[in-house]
Peer 1: 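What follows is a single structure, and I will ask about it in a moment.
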Amino acid sequence: QKEVEQDPGPLSVPEGAIVSLNCTYSNSAFQYFMWYRQYSRKGPELLMYTYSSGNKEDGRFTAQVDKSSKYISLFIRDSQPSDSATYLCASTSGGSYIPTFGRGTSLIVHP
Amino acid sequence: GAVVSQHPSWVICKSGTSVKIECRSLDFQATTMFWYRQFPKQSLMLMATSNEGSKATYEQGVEKDKFLINHASLTLSTLTVTSAHPEDSSFYICSALDRSTDTQYFGPGTRLTVL
């Protein structure tokens, strides 16, 4: 079992929809949780960063972590075609700078 | 955010040749850089950790003699794929650690195709 599991998709939604992207993880030592956005043929870009359980909101994006169920979510409100990309979740334990990545979910927002 | 560049952005080479990829942190000093490889529809896999002025630390299964890493300055790390073969074709991404913010910034990646 991979330490971070993520459905690769693709997930196709109409413009304006609320998108829910999810990951599960198995390592109880993970404390930091990140979401990266990766456009085709580009490197990942850090979107959101949370520590331990809880919610964090940034504009149209909300990251949610439930450590009791080892579940990580990213919600995108009012999705736009420019949000079309691959979204990777990642986690690290305390003291490690090296994230363990999920394989990414491909999101397509069509006009 | 901080900027990390990679050069070249893509390269095609013949089997058996060597290819060098550069990773630069443009507006901060990075004592630590990382090299990842990403196959299509797969997650990023860490290949090695590059530390300025010392030897790189390779992940299990990554051949250090095949993937040579040099981190000669605080803003530059290079990855050389020696005697490249078609199975080395992949997307190579570097990242640089900004210790002032404890944030890892990724480069735009280099697509290597070995014929």
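Chain identifiers are assigned alphabetically (A, B, ...) following the order of the sequence lines, protein sequences preceding nucleic acid strands; residue numbering begins at 1 within each chain.
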Peer 1: Please state whether the side chain, the backbone, both or neither of Q38(A) comes within less than 4.5 Å of a heavy atom of chain B.
Peer 2: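 It is the side chain, since no backbone atom gets that close.
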Peer 1: Quick one: of I98(A), T100(A), L88(A), T86(A), who has the most non-hydrogen atom pairs under 4.5 Å with chain B?
Peer 2: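 Maximum pair count with chain B is reached by I98(A).
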Peer 1: Considering only heavy atoms, which portion of P44(A) lies under 4.5 Å from any heavy atom of chain B: side chain, backbone, both, or neither?
Peer 2: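 For P44(A), heavy atoms of backbone and side chain both lie under 4.5 Å from chain B.
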Peer 1: If I measure from the heavy atoms of chain A, does T49(B) come under 4.5 Å with its side chain, its backbone, both, or neither?
Peer 2: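 Only the side chain of T49(B) comes within 4.5 Å of chain A.
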Peer 1: What's the spacing between F101(A) CZ and L46(B) CG if we round to 0.5 Å?
Peer 2: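 Result: 9.0 Å between the selected atoms.
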Peer 1: Is the number of heavy atoms from other residues, nucleotides or ligands under 6.0 Å of M48(A) CE greater than 12?
Peer 2: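 Atom CE in M48(A) is packed in, count exceeds 12.
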Peer 1: Please flag which part of L44(B) lies under 4.5 Å from any non-hydrogen atom of chain A: side chain, backbone, both or neither.
Peer 2: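 Contact with chain A involves both backbone and side-chain atoms of L44(B).
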Peer 1: Given a strict heavy-atom distance threshold of 4.5 Å, which part of T110(B) is in contact with chain A: side chain, backbone, both, or neither?
Peer 2: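 Neither part.
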Peer 1: Is F28(B) reachable from M33(B) through a run of hydrophobic residues whose side-chain heavy atoms are each under 4.5 Å from the next?
Peer 2: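 Per the 4.5 Å side-chain linkage, M33(B) and F28(B) are not co-clustered.
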Peer 1: Nearest heavy-atom pair of S43(B) and G102(A): which atoms, and what distance?
Peer 2: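 The pair with the smallest heavy-atom distance is CB-O, 2.9 Å.
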Peer 1: Which answer fits Y36(A), side chain, backbone, both or neither, if we ask what part of it has an atom under 4.5 Å from a heavy atom of chain B?
Peer 2: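 Just the side chain, heavy atoms under 4.5 Å.
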Peer 1: Are M45(B) and Y92(B) in one and the same hydrophobic cluster, where Ile, Leu, Val, Met, Phe, Trp and Tyr link if side-chain heavy atoms are under 4.5 Å apart?
Peer 2: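 Looking at the clustering, Y92(B) is in a separate group from M45(B).
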Peer 1: Quick check: are there more than 12 heavy atoms from other residues, nucleotides or ligands sitting under 6.0 Å from NZ of K67(A)?
Peer 2: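 Yes, NZ of K67(A) has more than 12 neighbouring heavy atoms, counting only those of other groups under 6.0 Å.
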Peer 1: Crowded around H7(B) NE2? As in, over 12 foreign heavy atoms under 6.0 Å?
Peer 2: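 For H7(B), atom NE2 is not crowded (no more than 12 foreign heavy atoms under 6.0 Å).
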Peer 1: Is it true that W35(B) and L68(B) fall in one hydrophobic cluster, defined by side-chain heavy atoms closer than 4.5 Å?
Peer 2: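 Unlinked, W35(B) and L68(B) end up in two clusters.
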Peer 1: How far does CZ of R103(A) sit from NZ of K41(B), to the nearest 0.5 angstrom?
Peer 2: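 Result: 9.0 Å between the selected atoms.
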Peer 1: Once you round to the nearest 0.5 Å, how far does CZ of F106(B) lie from CG of L46(A)?
Peer 2: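 Those atoms lie 8.5 Å apart.
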Peer 1: Tell me, yes or no, whether the heavy-atom count around K66(B) atom NZ, taken from other residues, nucleotides or ligands under 6.0 Å, exceeds 12.
Peer 2: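 For K66(B), atom NZ is crowded (more than 12 foreign heavy atoms under 6.0 Å).
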Peer 1: Around atom CZ of R41(A), are there more than 12 heavy atoms from other residues, nucleotides or ligands closer than 6.0 Å?
Peer 2: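 At most 12 heavy atoms, drawn from other residues, nucleotides or ligands, come within 6.0 Å of this atom.
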Peer 1: What part of Q38(B) lies closer than 4.5 angstrom to a heavy atom of chain A: side chain, backbone, both or neither?
Peer 2: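 Looking at Q38(B), just its side chain touches chain A.
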